[in-house]
Amino acid sequence: MVRQNVTVKLAGDFETRPIAMLVQLASQFQSQIHLESENKSVNAKSIMGMMALGLSDGDEVTVVADGADEAVALEKLVGVLTAKITTLD
């Protein structure tokens, strides 16, 4: 299991399109992936869970990945959340 704390750096609120992109990215990995924020933990592959998390720019979140491709999954999701990666490739 790997985990990393990050500060969300996205333009505007964490609205539907960025959430859908993040869920799509998380779904590409075999690993279990969760985002934790303020005593909440949601499956990053669940659109409803991610929307319920209600993240905005500047929020603190912990990305947790557990599985065969956990390191790559963590790197990619952290990259998107911190706007270092802007495509899903």
Side-chain angles (χ1 to χ4, degrees):
M1 180 184 310
V2 293
R3 63 176 47 235
Q4 184 172 337
N5 297 331
V6 298
T7 301
V8 176
K9 293 183 180 164
L10 299 171
D13 288 338
F14 203 58
E15 296 174 359
T16 306
R17 180 153 167 72
I19 290 174
M21 288 176 52
L22 191 61
V23 169
Q24 181 182 11
L25 176 63
S27 296
Q28 295 176 5
F29 298 100
Q30 292 178 1
S31 295
Q32 296 290 320
I33 305 167
H34 288 84
L35 267 62
E36 300 173 350
S37 177
E38 296 182 8
N39 299 324
K40 296 179 192 174
S41 178
V42 300
N43 182 346
K45 298 178 184 181
S46 166
I47 190 80
M48 295 305 289
M50 291 295 291
M51 289 176 71
L53 199 54
L55 293 178
S56 296
D57 188 57
D59 286 352
E60 297 290 325
V61 65
T62 302
V63 181
V64 181
D66 187 18
D69 52 3
E70 63 189 23
V72 175
L74 181 73
E75 177 186 355
K76 293 290 187 176
L77 267 73
V78 167
V80 169
L81 287 168
T82 60
K84 292 177 183 169
I85 299 174
T86 57
T87 66
L88 299 181
D89 297 333

Give, for atom [atom1] of [X] and atom [atom2] of [Y], the distance between the pair rounded to the nearest 0.5 Å.
{"X": "Ile19", "Y": "Met48", "atom1": "CD1", "atom2": "CE", "result": "10.0 Å"}
{"X": "Asn43", "Y": "Leu53", "atom1": "CG", "atom2": "CG", "result": "11.5 Å"}
{"X": "Ile33", "Y": "Ser46", "atom1": "CD1", "atom2": "OG", "result": "12.5 Å"}
{"X": "Lys45", "Y": "Leu35", "atom1": "NZ", "atom2": "CG", "result": "12.5 Å"}

For [X] against [Y], the heavy-atom pair lying closest together:
{"X": "Leu77", "Y": "Ala44", "answer": "CD2-CB, 4.2 Å"}
{"X": "Ser37", "Y": "Leu55", "answer": "OG-CD2, 4.0 Å"}
{"X": "Arg3", "Y": "Thr62", "answer": "NH1-CG2, 3.7 Å"}
{"X": "Val23", "Y": "Met50", "answer": "CG2-CG, 3.7 Å"}
{"X": "Gly54", "Y": "Asp59", "answer": "O-OD2, 4.0 Å"}
{"X": "Asp57", "Y": "Lys9", "answer": "OD1-CA, 3.1 Å"}

[X]-[Y] co-clustered via ILVMFWY side chain contacts under 4.5 Å:
{"X": "Leu25", "Y": "Val8", "value": "yes"}
{"X": "Val63", "Y": "Val2", "value": "yes"}
{"X": "Val6", "Y": "Val64", "value": "no"}

> Would Gln28 and Lys76 count as a side-chain contact (heavy atoms from CB on, under 4.5 Å) if you check the C-alpha gap in whole Å, the side-chain angles of each, and the deciding distance to 0.1 Å?
Replying inline: CA-CA 11 Å; Gln28 295 176 5; Lys76 293 290 187 176; over 6 Å; no
>> Run Val42 and His34 through side-chain contact (heavy atoms from CB on, under 4.5 Å) and show every step you take.
In response: CA-CA 5 Å; Val42 300; His34 288 84; 5.8 Å; no
> Can you tell me if Asp66 uses its side chain to pair, donor with acceptor, with the backbone of Gln32 under 3.5 Å?
Replying inline: no
>> Please evaluate residues Val80 and Met21 with respect to the criterion side-chain contact (heavy atoms from CB on, under 4.5 Å), reporting the C-alpha separation (whole Å), side-chain torsions for both, the decisive distance (0.1 Å), and the verdict.
In response: CA-CA 9 Å; Val80 169; Met21 288 176 52; 5.9 Å; no
